[in-house]
**Student:** 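Got a structure for you, questions after.
Computed from heavy atoms alone, side chains included, the values below leave out hydrogens, waters and symmetry copies. We name chains A, B, ... by the order of the sequence lines, and we start the count at 1 in each one.
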Amino acid sequence: MEWSSLKHAVVWFRGILRLHDNPPFFNAANRHELQTILPIYIIDEADYPNGFSNMGDKRRKFLYDSLIDLDQSLRDEYGQGLTVFQGNPSNLLRMIFQNLGPGPNYLFTDYMSEPWKREELDNIEVQINEIGAEMISFPAVNTILDIEETVMSEIYKNPKSMKDIQNILTHRLENGPEGIIVGDPLPAPKSISYDSSAIQKLNSETKISDQIVPLAELKRRSNLLGPSSYFPGGETEALRRLKNKVSERRDFVNSFSKPKTLSTNEAGLPSEPSTTGLSPYLSTGCLSPRTLWKEVTAANLGSKHTKPPTSLHGQLMFREMFHLLSRSVNNWDDDKGNSNCKPIEWGQSDPEALYAWESGMTGFPLIDAMMRQLSTTGWMHHLGRHAVSCFLTRGQLWQNWKHGRDVFERKLLDSDWAVNNGNWLWLAGVAPFSMPYYRVYNPCPDGKSSLNVDAANPEFIRHWVPELSSFPSKYIFEPHLAPIDVQESSKCIIGLDYPLPIVDRKESRRVNIDSFKKNLARIAGRN
DNA sequence: GGATCCGTTGTAGCT
DNA sequence: AAGCTACAACGGATC
């Protein structure tokens, strides 16, 4: 049969790098009139702002490994792998559909709610329609709710609390004795149609084949970026972790209470967090939030269990909340024109303070340990994120939260545009749903601090700040207070081997609370 | 319609 | 040593 007379579907994996619960892939596979399903991914270096231009090495490696894993799973399950391109998605897809010849041909893909992603998909739909192809996109792929439909509904109001988001979920989903019922995730398709001449034909078109990134090249790039830390990328690892940390650990799930979790594992070692560690897999699309929700529900069934906001369901609810807000609040990632951001005057940024913060050289061991862990592994515990973001903004350094947001976006494996901006808005104290500005974390936990969960474990500091590896626990959070003979015997002279604190923590706290108060008075007076 | 309550996770200093 | 209080007091929902 003449190749060009067949019907083809390109399945463009955008925010979902998995086979399970993948609506575009599942639906394409079940359209039996389609002769060829061509699974593709497009690496777009110009992607803004959550993409490659802002992507640190650890995130890149996680993505490459997820693509390598997806390719392998596709080969194992269906006999045909993933074609990875690098280039401009709009140009590439136009060329691909022109090359496929007269249709009807289809583009199956997933809807993403980020503003630039919506714009991208709108443009692509117009372009491929012009050459006779049809786009079919699927919402609610990396969130539980259909973000677009929820935000557009007449009764929608911006959620600001756990209660609000629970009400939204309750209203939009069914409810049972165990609470909110989330729809079943889709299984991986049983088989896909594939005509290998399709990829051969694309390969024969140099303009297109030049932009293919072969598997060997992906592996080379991944290897160049060094070893994985806690979290190897990919769906295979996501499902393994889901099983080991959730499905097979009902007690852990049922007693999960976020504020009580630690940066370290049960043995107190920083080799594994005490949380699930599933966030990078959710943000990269290796794990469906629906699948995770169902596993948590199954663990809860018939047992006493923690409840939102501290439970695992609660964590997923906050994720939904930030995805809704990021869609409904204009300029979600800005401090100007953002109805969820109070216009605090942060003043001129201080490059030295920013550098010290990012590189883990502030002279505050807890802050530095967390920031170095972030740089090395791409992960930081939630309470660590509280500590370092409070320190950078309203707590000690009085820097605009957007600086910290950018660092997190580049370095965190679980970086997610909606969630990352939401967390910074909250922790900087500028959002309607934030912490009160005067609740400033003590960066030097003293036994009563809420940050004490990790502070109780000086080994965490000694691991990430090896300069202090011989320091006694008594002084480890404020080493400059150690007598000089203690510094000498610990082989770490503060101010020489490890920095002096870049600010007086008590004085900066006092001044900043006062500044925040004055800013709020100014803002109130202006209205 | 004014008072009251509440919000995922505070700190410092005193007894 | 654990528990209390002062700190300073937002802003929307509910009553």
**Student:** Nearest whole Å is fine: how far is dG10(B) P from I513(A) CD1?
**Tutor:**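 The distance from CD1 of I513(A) to P of dG10(B) comes to 13 Å, rounded to the nearest Å.
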
**Student:** Does a side-chain N or O from Y437(A) land closer than 4.0 Å to OP1 or OP2 of dA9(C), or not?
**Tutor:**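 Affirmative; the distance criterion is met.
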
**Student:** Does dA2(C) have a Watson-Crick or wobble partner in any strand here, with both distances under 3.5 angstrom, and which is it?
**Tutor:**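 Per the H-bond distance test, dT15(B).
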
**Student:** Rounded to the Å, how far apart are M435(A) CE and dA8(C) C1'?
**Tutor:**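 Going from M435(A) (CE) to dA8(C) (C1'), I get 15 Å.
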
**Student:** Could you tell me whether the side-chain ring of F318(A) sits stacked on the base of dT8(B), using a centroid cut-off under 5.5 Å and a plane angle under 30°?
**Tutor:**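 Taking the rule of under 5.5 Å and under 30°, the ring of F318(A) does stack on dT8(B).
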
**Student:** Can you identify which nucleotide, out of dT11(B), dA13(C), dG7(B), has its nearest atom closest to the K157(A) side chain?
**Tutor:**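 Out of dT11(B), dA13(C), dG7(B), the nucleotide with an atom closest to K157(A)'s side chain is dA13(C).
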
**Student:** Less than 4.0 angstrom between a side-chain N/O of N442(A) and OP1 or OP2 of dG10(B), yes or no?
**Tutor:**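 Result: no.
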
**Student:** Roughly how many Å is it from CG in N167(A) to P in dG7(B), rounded to a whole number?
**Tutor:**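 Going from CG in N167(A) over to P in dG7(B) covers 13 Å.
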
**Student:** When you compare dT8(B) with dT14(C), how far apart are their P atoms, in angstrom units rounded to a whole number?
**Tutor:**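 Approximately 14 Å lies between the P atom of dT8(B) and that of dT14(C).
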
**Student:** Determine, for K491(A) against D497(A), whether the closest basic-nitrogen to carboxylate-oxygen distance falls under 4.0 angstrom.
**Tutor:**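 No salt bridge links K491(A) with D497(A).
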
**Student:** Please give, in whole Å, the distance from dG11(C) P to F516(A) CZ?
**Tutor:**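 Computing the F516(A):CZ to dG11(C):P distance gives 10 Å.
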
**Student:** Out of dA13(C), dT11(B), dG7(B), which nucleotide sits closest to the side chain of K160(A)?
**Tutor:**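 Nearest nucleotide to the side chain: dA13(C).
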
**Student:** S229(A) versus T376(A): any side-chain heavy-atom pair under 4.5 Å?
**Tutor:**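 Side-chain contact under 4.5 Å: no.
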
**Student:** Considering only atom C1', compute the distance from dA12(B) to dC10(C) and round it to an integer number of Å.
**Tutor:**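 Pairwise C1' distance, dA12(B) against dC10(C), rounds to 22 Å.
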
**Student:** Does K517(A) put a side-chain nitrogen or oxygen below 4.0 Å from OP1 or OP2 of dA9(C)?
**Tutor:**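 K517(A) to dA9(C) OP1/OP2: side-chain N or O found under 4.0 Å.
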
**Student:** Which one of N142(A), D184(A), D21(A), T143(A) satisfies the side-chain hydrogen bond (donor to acceptor under 3.5 Å, both in side chains) criterion with R290(A)?
**Tutor:**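 In the set N142(A), D184(A), D21(A), T143(A), the residue that makes a side-chain hydrogen bond (donor to acceptor under 3.5 Å, both in side chains) with R290(A) is D21(A).
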
**Student:** C1' atom, dA13(C) versus dG1(B): distance in rounded Å?
**Tutor:**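 Roughly 14 Å separates the two C1' atoms.
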
**Student:** Given atom CG of L325(A) and atom P of dT8(B), what is their separation to the nearest angstrom?
**Tutor:**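 Taking CG of L325(A) and P of dT8(B), I get 12 Å after rounding.
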
**Student:** Determine the Euclidean distance between corresponding C1' atoms of dA9(C) and dG7(B); express it in Å to zero decimal places.
**Tutor:**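 So the two C1' atoms sit 14 Å from each other.
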
**Student:** Between atom NZ in K506(A) and atom P in dC7(C), what is the gap in whole Å?
**Tutor:**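 Distance check: K506(A) NZ to dC7(C) P gives 18 Å.
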
**Student:** Under 4.0 Å between a Lys/Arg side-chain N and an Asp/Glu carboxylate O for R172(A) and D146(A)?
**Tutor:**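 Looking at D146(A) together with R172(A), the answer is no, because their closest N to O distance does not fall below 4.0 Å.
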
**Student:** Which nucleotide, in any strand shown, forms a Watson-Crick or G-U wobble pair with dA8(C), with both distances under 3.5 Å?
**Tutor:**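 Pairing partner, where one exists within any strand: none, as none qualifies.
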
**Student:** Is the phosphate of dA12(B) approached by R505(A) (side-chain N or O, under 4.0 Å from OP1 or OP2)?
**Tutor:**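 Yes, R505(A) has a side-chain N/O under 4.0 Å of OP1/OP2 on dA12(B).
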
**Student:** Please determine, for the side chain of K342(A), which listed nucleotide (dG7(B), dA8(C), dC10(C)) has the closest atom?
**Tutor:**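 The closest nucleotide is dC10(C).
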
**Student:** If you define the side chain from C-beta out and look only at heavy atoms, does anything of Q315(A) sit under 4.5 Å from F256(A)?
**Tutor:**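 A side-chain contact under 4.5 Å exists here.
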
**Student:** If I take atom CZ in residue R385(A) and atom C1' in nucleotide dT8(B), what distance separates them, rounded to the nearest angstrom?
**Tutor:**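 Result: 15 Å.
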
**Student:** Contact class for Y441(A) vs. all strands (heavy atom < 4.0 Å): base, sugar-phosphate, or nothing?
**Tutor:**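 Sugar-phosphate only.
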
**Student:** Is K411(A) salt-bridged to D406(A), going by a charged N under 4.0 Å from an acidic O?
**Tutor:**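 Result for this pair is no, no salt bridge flagged.
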
**Student:** With a 3.5 angstrom cut-off on both distances, give the Watson-Crick or G-U wobble partner of dT4(B), or none if there isn't one.
**Tutor:**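 With both distances under 3.5 Å, dT4(B) matches dA13(C).
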
**Student:** To the nearest Å, give me how far apart CZ (R439(A)) and P (dA8(C)) are.
**Tutor:**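 Rounded to the whole Å, the gap is 14 Å.
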
